[in-house]
Amino acid sequence: MRNRGILSLVAIGVLASSLSVGTVKAEGNEFELARKAIERQVEKPLPKGLVDSAALNQLQVEIKGSAKSSDKMGTVSRASSEDDYTIEEEYNDDFNSANRISFEKVAVGQLLPLGDVDVYKVVVPRGGVLLVGGQTNSYSIDLGFGAMQKDFVENSNLEYLGYEYDYEYDVEALAYQAKKGTYYVGVIDRDNDYIDNNTEEDLYAIGTIFIDNVKPSKPTVKRVDDNDKVVKGKAEANSTVTVKAGSKKLGSAKASSNGNYSVKIKAQKKGTILSITAKDKAGNTSSKATTTVVKH
Ligand SMILES: [Ca+2]
Ligand SMILES: [Ca+2]
Ligand SMILES: [Ca+2]
Ligand SMILES: [Ca+2]
């Protein structure tokens, strides 16, 4: 999740010439709808500690490549690695034509002609924080972007948490608490009302990061008697299940993709209280399930 490369100034310089304007016909309706959805996300600062600051910093560093204007690109040599980013593919002005964006790559695009909307589709694999960062290399673009649900549906599947602006890198990041699902990131130029001043050199970059901050639900546990050398039950799929007696760890095992787990232990005395927790890959630990060992 954190191995995206850095989109460098050099890469952007090369990109500018390789992108084509295309023959997109702008459709004002999508633009207006996207603008409204984006502007509804009032600028509220991200509460401290809500999102891992290391992740936020990383997002900002990775997107900083498109920093500032092209006049700094005097010595364009070669793109470092084209694998670090993807280039938008028009037509992408509505939900059905959205370009897929992954957490590994930054998406680079243009906002032209007037009224262009670029829509990206992002798949959130499980509950967690979706971070969306954006930046432009141009004063001709007043970059507006935001995550949304298909057809602008609003509900608790996607909740806006706030934004953070990094003055050092000129990167804005928006954070959302998201349930597992498919979401969209809309990108517009907010100064596009009357003047079509954008050129092929005016670019933006959008990056996404996913942070699993949701702990697994409490595991279930089947009856354990004083002969049993295994504890069984259900826990979050692929989580690591640990069985303890007091503070003593008796064993642990990974739950299957169906959520079934089976942890080997030494037989315990009747009356021993076992506690069972599940931990996900990101290190979030469930609350404890407990069971008391009974006589067989
Ligand atoms: Ca575009
Ligand atoms: Ca577009
Ligand atoms: Ca503009
Ligand atoms: Ca989780």
Side-chain angles (χ1 to χ4, degrees), residues 1 12 15-16 18-28 30-31 34-35 38 51-52 55 66 69-70 85-95 97-101 103 106-121 124-130 134-145 177-181 184-206 209-219 235-242 254-255 257 259 277-287:
M1 149 179 130
I12 284 287
L15 274 172
S18 65
L19 275 164
S20 65
V21 187
T23 52
V24 185
K25 190 179 172 299
E27 300 199 7
E30 277 89 355
F31 181 84
R35 181 214 291 271
I38 289 164
V51 172
D52 173 29
S66 57
S69 58
S70 52
Y85 49 81
T86 56
I87 300 169
E88 66 153 328
E89 280 182 54
E90 296 282 1
Y91 178 85
N92 57 6
D93 288 25
D94 55 34
F95 294 107
S97 63
N99 293 163
R100 175 75 190 263
I101 188 175
F103 300 123
V106 170
V108 174
Q110 300 164 323
L111 291 165
L112 71 168
L114 193 65
D116 184 26
V117 182
D118 293 340
V119 184
Y120 296 92
K121 179 155 78 172
V124 171
R126 54 194 180 276
V129 171
L130 173 65
Q135 192 192 47
T136 176
N137 69 342
S138 167
Y139 292 114
S140 297
I141 294 175
D142 178 5
L143 190 66
F145 64 96
Q177 189 69 47
K179 292 185 180 147
K180 173 182 158 89
Y184 296 83
V185 176
V187 185
I188 58 168
D189 181 356
R190 292 193 293 189
D191 77 0
N192 252 351
D193 285 7
Y194 309 111
I195 318 163
D196 190 3
N197 61 351
N198 298 3
T199 72
E200 288 176 60
E201 263 89 66
D202 300 321
L203 303 173
Y204 67 81
I206 292 284
I209 280 186
F210 172 74
I211 304 159
D212 182 345
N213 67 339
V214 177
K215 65 183 187 182
S217 54
K218 188 162 89 172
E236 182 175 285
N238 306 311
S239 63
T240 300
V241 178
T242 300
K254 205 174 155 189
S257 55
T277 53
K279 189 172 172 177
D280 66 23
K281 251 198 281 182
N284 305 298
T285 302
S286 73
S287 55

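This chain uses plain numbering: 1 for the first residue, then up along the sequence. Order of listing sets the numbers, starting from 1, for every ligand and every atom in it.
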Ignoring hydrogens and angles, state whether a donor on the side chain of Asn213 or Asn284 is under 3.5 Å from an acceptor on the partner side chain. no

Check Glu236 against Ala255 and note the closest heavy-atom contact, atom names and distance. O-CB, 3.5 Å

Does the Gln110 side chain pair with the main chain of Glu200, one donor and one acceptor, at a distance under 3.5 Å? yes

So the protein N/O/S atoms within less than 3.0 Å of the Ca ion (ligand 1) come down to Glu88 OE1, Glu88 OE2, Glu90 OE2, Gln110 O, Asp116 OD2, Asp118 OD1, Asp118 OD2

Report, rounded to 10°, the angle at the Ca ion (ligand 3) between the two atoms OD1 (Asn197) and OD2 (Asp189). 160°

For the residue pair Val214 and Gln177, establish whether any side-chain heavy-atom pair is separated by less than 4.5 Å. yes

For Ala278, is there any backbone N or O sitting under 3.5 Å from a side-chain donor or acceptor partner on Ser286? yes

Metal check, the Ca ion (ligand 3) vs Ser138 N/O/S, cut-off below 3.0 Å: no

Within the 3.5 Å criterion, strictly below it, is a donor on Asp118 or Asn99 matched to an acceptor on the partner's side chain? no

min-distance N/O/S atom, Asp191 vs the Ca ion (ligand 3), resolves to OD1

Enumerate the protein N/O/S atoms at a distance below 3.0 Å from the Ca ion (ligand 4), ignoring waters. Asp212 OD1, Asp212 OD2, Val214 O, Asp280 OD2

Identified side-chain contact (heavy atoms from CB on, under 4.5 Å) counterpart of Thr199 within the set Asp202, Leu203, Asn197: Asp202

Ile141 CD1 to Leu111 CG distance, which is reported to the nearest 0.5 Å: 5.0 Å

With a 3.5 Å distance limit and no angle check, can you tell me whether Asn137 reaches the backbone of Glu201 through a side-chain donor-acceptor pair? yes

Sub-4.5 Å side-chain heavy-atom contact between Ile188 and Tyr204: no

Inter-residue atom distance Lys281.NZ - Arg126.CZ, 0.5 Å rounding: 6.0 Å

